[in-house]
Amino acid sequence: MSLALDLALCALILGVSLAAVAGAGVFRAVIFFITYGLFVAIGWARLGAYDVALAEAAIGAGLTGVLLLTAQGRLRRVQADRTERPGAPLPAALAGGAVTLALAWAWFVLPVPEAPDVAQALPQSGAGNPVTAVLLNFRAWDTLLESIVLLAALLGVWMLARDADWDAPLGPRYHARPSGVLAYFGRVLPPIGLIFGVYLVWAGTETVGGAFQGGTVLAGVVLVAMMAQVLPPPRASKRLLRAALVLGPGVFLLSGLAAAALGGSFLSLSAALAKPAILIIEAALTVSIAVTLALLVIGPAEAPEPAP
Amino acid sequence: MIADLATYAFTALGLVFFAAGTVGLIRFPDTFSRLHALTKADNLGLGFIALGIAFQAGTLAQLVTLALIWALALLAAGAVAQLVARAALTTSQEEE
């Protein structure tokens, strides 16, 4: 019975990904990409990787989906979304096939690396969730760089603003009718999302969840509130906003340096301090991830459009 | 035993609503009636499936989670349907 479910899921993932790549039209491709992300999230959940499933659903399908839909909206406004159907996508198909072959070769031929047993080291890590232990203790270096990459991506997006618009509020102006459904939705959903996002971070040290998943949910809350005009559009020049952006990477770096100063090595966590350190780093990272992701979606500073 | 029967009955009823909603989505002529088919049927379909699964829940927390999933899906689907309908209305008025 579960085999039938898994086979159907695999077929759906392949079919939807094919529809996203091969179908005509940008909007259609985006919708199929979002659906693909949701099916892949179910796939990860079926494999027992609930942390990855949450991340895929929140970031892969949800946030990236909104990002792509916004991009599609911008393309449509300048009528650039009707691209000519590209000819035979042979090079892309060949490259994709080659990557698949290389991965299959690696899977079957390469030896499984002799990884140290995470379960054994878990009691000293300060986290009960092995994924959190790896992300914030054993491989903290990767996570630190990831948080900085997010910041660099946001700076790249901000560069796209015209010089004259630099002091304007970030993103397009959203319109919500004052007594409309969106205004209502933007007031009902944020409290629920806030609790859920904070819960995901708090629970993430012991069970499923974490800073990235919780941060993405919080970014969604911020976006809904902004689209419903509950929150005003932010400006890049606000000091509080900039502080929120660098809080996570900053706290992470400082804790790494502190560990080195206290006699350990950079980013090493002593077993006694590991749990509070992880909680503090995760809390700071969550704030930065939430703000960075939300600002990535709304885009660079834009002067208000002149009235038609 | 009776709980299993209730699960079968309610999830089957939910699937009927999902099937009807899908048929409506494909067959109905315009955006508004398609939205009607989608939201009404999916809300009821998800409701009946959640109700059916509720008979298998072991703890109160699982029951509350199921109810919460349905309530949030109702809220999101209802709000999104209104927004899509308004966007469709604006587009059709611009085209006239």
Side-chain angles (χ1 to χ4, degrees), chain A residues 1 5 8 12 27 31 34-35 38 41-42 45 50 54 57-58 61-62 65-66 69-70 72-73 76-77 79 81 174-197 199-200 203 207-209 217 220-221 223-230 308, chain B residues 4 7-8 11-12 14-15 18-19 21-22 25-26 30-32 34-40 42-43 45-46 49-50 52-53 56 58-62 64-96:
Chain A
M1 191 60 197
L5 179 67
L12 277 171
F27 183 69
I31 296 298
I34 296 172
T35 319
L38 290 174
I42 298 176
Y50 298 110
L54 267 178
V66 178
L69 277 178
T70 315
Q72 192 267 339
R76 196 185 52 211
R77 251 170 278 141
Q79 256 128 44
D81 62 332
Y174 296 104
H175 303 286
R177 292 179 313 125
S179 57
V181 173
L182 187 57
Y184 168 76
F185 194 59
R187 285 168 172 81
V188 170
L189 200 67
I192 304 170
L194 209 59
I195 292 175
F196 184 51
Y199 167 79
L200 274 179
T207 160
V208 176
V217 170
V221 167
L223 283 171
V224 168
M226 255 188 251
M227 287 174 186
Q229 291 184 306
V230 177
Chain B
D4 283 352
T7 299
Y8 283 130
T11 46
L15 288 179
F18 265 107
T22 311
L25 178 70
I26 297 170
D30 60 21
T31 309
F32 306 107
R34 280 198 292 267
L35 273 175
H36 167 81
L38 195 63
T39 53
K40 299 289 185 299
D42 278 4
N43 290 344
L46 184 64
I49 286 178
I53 298 172
Q56 305 293 324
T59 62
L60 188 65
Q62 287 174 345
V64 174
T65 311
L66 278 170
L68 199 62
I69 289 173
W70 185 53
L72 285 174
L74 271 184
L75 178 69
V80 169
Q82 293 277 333
L83 295 177
V84 172
R86 184 158 290 278
L89 193 65
T90 320
T91 319
S92 64
Q93 278 169 350
E94 277 170 7
E95 277 168 4
E96 274 165 15

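Letters go in sequence order (proteins before strands), and every chain restarts at 1. Computation of the quantities below employed the complete heavy-atom set of this structure, encompassing side-chain atoms and omitting hydrogens, waters and symmetry-equivalent molecules.
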Colleague: So which bits of residues 179-189 of chain A come within less than 4.5 Å of chain B, counting non-hydrogen atoms only?
Modeller: Val181(A), Leu182(A), Tyr184(A), Phe185(A), Val188(A), Leu189(A)
Colleague: Could I get the full list of side chain to side chain donor-acceptor pair (under 3.5 Å) partners for Thr7(B), not counting sequence neighbours?
Modeller: Gln56(B)
Colleague: Can you tell me if Phe32(B) has over 12 outside heavy atoms packed within less than 6.0 Å of its CZ?
Modeller: yes
Colleague: Among all residues two or more places apart in sequence or in another chain, which pass the side chain to side chain contact (heavy atoms under 4.5 Å, CB included) test with Tyr174(A)?
Modeller: Pro172(A), Met227(A), Ile298(A)
Colleague: Taking heavy atoms only and a threshold strictly under 4.5 Å, list by residue number the residues of residues 68-81 of chain B that touch chain A; give 'none' if the list is empty.
Modeller: Leu72(B), Leu75(B), Ala76(B), Ala79(B)
